[in-house]
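What follows is a short report on a single structure.
Any value given below was found using the heavy atoms of this structure, including those in side chains, with hydrogens, waters and symmetry copies removed. In what follows, every chain begins at residue 1, and chains take the letters A, B, ... in the order their sequences are listed.
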Amino acid sequence: MLPKAYEPGSTEDRIYHMWEESGAFTANVKSSREPFVISMPPPNATGQLHIGHAARMSVEDIFIRFARMQGKEALWVPGTDHAAIATENVVIKKLKDGGMKDPRKELGRDKLVAKIAEFVEQSQGTIRSQIRKMGSSCDWSRERYTFEPALNRIVNEVFKKMYDGGLIYRGHRIVNWDPKLQTTVSDDEVEYIEEKAPFFTFQYGPFEISTSRPETKFGDKYVVMHPDDKRYKKYKDGETFECEWINGKVRATIIKDEVVDPAFGTGVMTITPWHDTADFDIAERHGLEKEQVIGFDGKLLAPIAGEFAGMKIEDARPLIVEKLKSKGLLVKTDENYVHNKAVSQRGKGTIEPQIKLQWFVDVNKEVISTFAPVGATADKQSSRSKKAKKTTAMSLKQIMHAVVHHGDITIIPDRFGKTYFHWIDNLRDWCISRQIWWGHRVPVWYRGEEIHTGAVAPEGAGWEQDSDTLDTWFSSSLWTWSTLIDPKLTKDFSLSLEEMLKQSPDYQKFHPTSVLETAYDILFFWVARMILMTTYVTGQVPFKTVYLSGLIRTRDGKKMSKSDPETVIDPLDVIPKYGADALRLSLTLGQGAGADSRLYDEKIAGYRNFVNKLWNASRFVLMQCETIGVNPHTVTTYEVKSLADKALHTALQRVIRDVTKCLEEYRLSEAGERLYGFVWDYFCDWYLELSKGEPNPELLVHSLRTILTLLHPFCPFVTEKLWEEVKQSTDPMLIVQPWPFAEDEKFPEEHVYLQTIIGVITAIRKLRSDHDVEHGKDVSVTLVTKEWVPLLESQESHIRRMAKVESLMITTGKFKPAKDMVSAFLPGIEVHLSLAGLIDLEKERGNLTKEKGELQKYIAGIGSKLQNKNFVERAAQNVVELERGKLKEAEEKLQKIEQRLKSL
RNA sequence: GGGCGGUUAGCUCAGCUGGUUAGAGCGCCGAGCUUACACCUCGGAGGUCACAGGUUCGAAUCCUGUACCGCCCACCA
């Protein structure tokens, strides 16, 4: 006998082990089945998984299990990310906490990298076990890591390919420099926070200029204004003048440029091209000199800063203002000025724009993909002959745009498509080099003026490899396909990238992948870059569908952040308390795609209760079997005996249909909630209660099997466990059990009768409780239509039992409003009231005069023309409502309807 | 400044292409140990679907505008 309550702890690990041992997770590359593939977004190997990861695992596992049960060759590739900056920071911090002052200096490159690798290995172990705890049915035989040797080879090949294709270049550009972490970061890794800072206006020659950053102003020798600004008409472009400035006299040049907003401040500004993106652009346009003012350590430089050289900018700022004030150059100070300060997403240090020699991916250069033509450009109808040639030469930006625009990739929910296009429009070249040590090293070697790019170091002495590493997203952008390349092939350096792809069976079978599921906050970081890199390099889109989930928030709607342990819900705390199934349900149900959701204890407890309800329902079914002497494992067929049986059976078919459809359309929350409601309200509270009188054990077993099958993707552990109790002895494990098909409804009209009867029963029950009729007293039912009488009579004994009455009198008589009947019907089942019925109804009520009767016929006539039953019924009903005393208005409405019909 | 969402019961949220009396979970109130389940059962209260217009026979749903909240992008010296 099963225990009274479900105990996840004693079951989950055993079941997971059983699945894994059985090989159910392992995809067969030789199978002829249709593939269904998900690349797991590789968690950062920086410690352990948090609740967001748990959400990813839950959703993806639902997709994968559903596909597997539907008979597809399901592959879910797991792995981890080396997470360059993030991991290096974590380890450096650990070393510092351990007493080391400057780990980089003390250990040197090789030793530090070894330390980080060691740490990564540990956290990979933790992560693997956590993924298992969630019940994720991923293919461990194909586990990969973004920084493994095979992937390094691929990264290098891609770099070389793009370098040779002119898409990767090295140049002096303005970059986001993080003085705290001592590296550049990409535009997407910069955040802006509002800050109140004094806003100073200074006298600069004949002009007044304003700034919140006087410390950058030492070298300013260009004043810029709009060419059309009348106030400064007398100054000519290129004119120079001398003026007193921070450290003595400077010779300034006047520049006219249209980017200056005449309405802002005085309409005049000085520029600092080395430390400001906009100023840099102006300087480039006019060929102006650029000079560095602030060092990479965040301190002012000599000789330009004069007496302030070597000072930190925060310290120098007030002193500089003071000095200008003493010279009489400070015009005014606005203390309430609010501006946006750029900070690094990692580490939160202030970002200092700097000019630096870096590696970039060119997103605007038009290239011809050397592989098969880009999928999206298979632009079928629209002027193929003309465009075909043109569209093969596209920039990376255009490629990214095209594949989504043409539907090669579908984004769910679709509103994120707009966000995606918007991002592309604003996209600038991607800075891919980082001045850190942990990561794929830039595969470029230098010897004097010589430069070599490739997967292996060049032969001969004196070559030195670039000391920078690549942005971590560079390697993760190759994830969907680099993980499908046979690692053995990557050791053979005679093979090209194209040949490796061609010779990898996994790649041939499983790429492009089916769905990419991730939270929307890495749409740009990762999803967009995968599209960019993969489509260019392989000529295939990385995935056909992007499913974006929302973020998991706290009860108050705040972000869960590690720095605030109070708010964080740790999956490892939840699982022992409530079970992985309950956690999975609470992370996937009750939320639309792309919408954030809040997680809190009561919510998880609620789903734990549901799991327990399912458990007890199963216990009850088993008990019934035992009482009657039926062995559930031998049940193969069932009979639909009673009316209730029929209702259950029909409802079950509908659930199968609804759930399947929802899952196929990626509406998993709806699918889950449909099941939740069905199991609890219909199966348990209604059918099981009824069946206490006259149980039909075979049908009970069959229904339970179906329910378990449908629920399995959502809560795999408890369903697999219960499956062991009720499955046919020849059935396999639930994880590989085929998905059920819904039977066709042969006699749809039966529904109406069926539901009517059940409606009657429910109505009787309600009547009894409303009027305090004692249990067992006689009840008389008055019916609407004569034809239902024989039906009700034939089911009299059922009705009596179900309605808990001793005797029943069935008669026809005065009209009972159909409305009341409908309201008493069971949830999830509709009733079709025909137009004819409606007219009858109104006649019975005496609402139809002769004229009005004509009116109804008129409507019915329109109805047949339109062949839209629904529309006419509703319209007719409205007319009936309105016409009571307002015949004229009703006629007008009808005329409008008719006009609309004609226009159709 | 540009863009994208949200505003539905005390709380957290569903409501797909407009269609019977707007739903669920939790909470609240009342009753109840009936052959599974108190992690339960039965019953109940509670909503002018942010506001104002419009389209329609019919609007929570479509359109326009307003207010508030949130997110993303750009960034102004």
Sugar-phosphate only, base, or nothing, as touched by Tyr192(A) at under 4.0 Å among non-hydrogen atoms: base
Per Asn426(A) side chain, nearest of listed nucleotides C73(B), U41(B), A38(B): C73(B)
Side-chain donor-acceptor pair present, Tyr600(A), Asp556(A), cut-off under 3.5 Å: no
Pairing nucleotide - C68(B), Watson-Crick or G-U, each distance under 3.5 Å: G6(B)
Sugar-phosphate, base or nothing in reach of Asp276(A), heavy atoms under 4.0 Å: sugar-phosphate
Touch class at under 4.0 angstrom, heavy-atom based, for Ala278(A) against every strand present: sugar-phosphate
Interatomic distance where CD belongs to Glu665(A) and P belongs to G15(B) [whole Å]: 13 Å
Any donor-acceptor N/O pair under 3.5 Å between C4(B) base and Lys418(A) side chain: no
OP1 or OP2 of C37(B) under 4.0 Å from side-chain N/O of Asn609(A): no
Sugar-phosphate only, base, or nothing, as touched by Gly590(A) at under 4.0 Å among non-hydrogen atoms: sugar-phosphate
Nearest-angstrom distance, C1' atom, A60(B) to G6(B): 14 Å
Side chain of His422(A) (C-beta onward), nearest among A36(B), A14(B), G2(B): G2(B)
Among A74(B), C37(B), A77(B), the nucleotide that comes nearest once only the side chain of Val260(A) is considered: A77(B)
Rounded distance in Å between the P positions of U7(B) and C51(B): 12 Å
Spacing of Asp581(A) atom CG and Thr11(A) atom OG1 [to the nearest 0.5 Å]: 9.0 Å
Integer angstrom distance from the P of A9(B) to that of G3(B): 30 Å
Mate of G32(B) where both pairing distances stay under 3.5 Å, Watson-Crick or G-U: C40(B)
side-chain contact (heavy atoms from CB on, under 4.5 Å) assessment of Gln624(A) paired with Val621(A): CA-CA 5 Å; Gln624(A) 297 282 38; Val621(A) 170; 5.8 Å; no
Sugar-phosphate only, base, or nothing, as touched by Asp685(A) at under 4.0 Å among non-hydrogen atoms: sugar-phosphate
Assigned partner base of A24(B), Watson-Crick or wobble definition, under 3.5 Å: U12(B)
Sugar-phosphate only, base, or nothing, as touched by Glu689(A) at under 4.0 Å among non-hydrogen atoms: base
Any Lys341(A) side-chain N or O less than 4.0 Å from OP1/OP2 of C75(B): no
Pairing partner of U56(B) (Watson-Crick or G-U wobble, both distances under 3.5 Å): none
Base-pairing assignment for C75(B) (Watson-Crick or G-U wobble, both under 3.5 Å): none
Sugar-phosphate only, base, or nothing, as touched by Cys684(A) at under 4.0 Å among non-hydrogen atoms: base
Polar contact flag, side-chain donor to acceptor under 3.5 angstrom, Asn176(A)-Ser186(A): no
Exceeds 12 heavy-atom contacts within 6.0 angstrom, atom CD of Glu626(A): no
Arg529(A) with Asp188(A): basic N within carboxylate O range, under 4.0 Å: yes
Sugar-phosphate only, base, or nothing, as touched by Lys558(A) at under 4.0 Å among non-hydrogen atoms: nothing
Side chain Glu215(A), main chain Lys217(A), donor-acceptor under 3.5 Å: no
Heavy-atom donor-acceptor pair, Asp261(A) side-chain to C76(B) base, under 3.5 Å: no
Pairing partner (Watson-Crick or G-U wobble, both distances under 3.5 angstrom) of U48(B): none
Value in whole Å for how far the C1' atom of C73(B) lies from CD of Glu189(A): 16 Å
Sugar-phosphate, base or nothing in reach of Ser669(A), heavy atoms under 4.0 Å: nothing
Whole angstrom value for the distance that separates C1' of U35(B) from CG of Asn616(A): 13 Å
Residue His339(A), side-chain atoms from C-beta onward, closest of C75(B), A36(B), A77(B): A77(B)
OP1 or OP2 of A77(B) under 4.0 Å from side-chain N/O of Tyr337(A): yes
ring-ring contact (aromatic ring centres under 6.0 Å, His included) partner of Trp615(A), chosen from Phe610(A), Phe620(A), Tyr6(A): Tyr6(A)
Touch class at under 4.0 angstrom, heavy-atom based, for Val224(A) against every strand present: nothing
Distance test, side-chain N/O of Trp680(A) to OP1/OP2 of C37(B), below 4.0 Å: no
Short side-chain N/O contact from Arg598(A) to OP1 or OP2 of C13(B), under 4.0 Å: yes
Interatomic distance where CD belongs to Gln624(A) and C1' belongs to A36(B) [whole Å]: 9 Å
Euclidean distance, atom OH of residue Tyr682(A) to atom P of G23(B) [Å, nearest integer]: 19 Å
Touch class at under 4.0 angstrom, heavy-atom based, for Phe524(A) against every strand present: sugar-phosphate
C39(B) base / Arg608(A) side chain donor-acceptor hit below 3.5 Å: yes
Sugar-phosphate only, base, or nothing, as touched by Arg667(A) at under 4.0 Å among non-hydrogen atoms: base
Under 3.5 Å donor-acceptor pair, Glu670(A) side-chain atoms to A24(B) base atoms: no
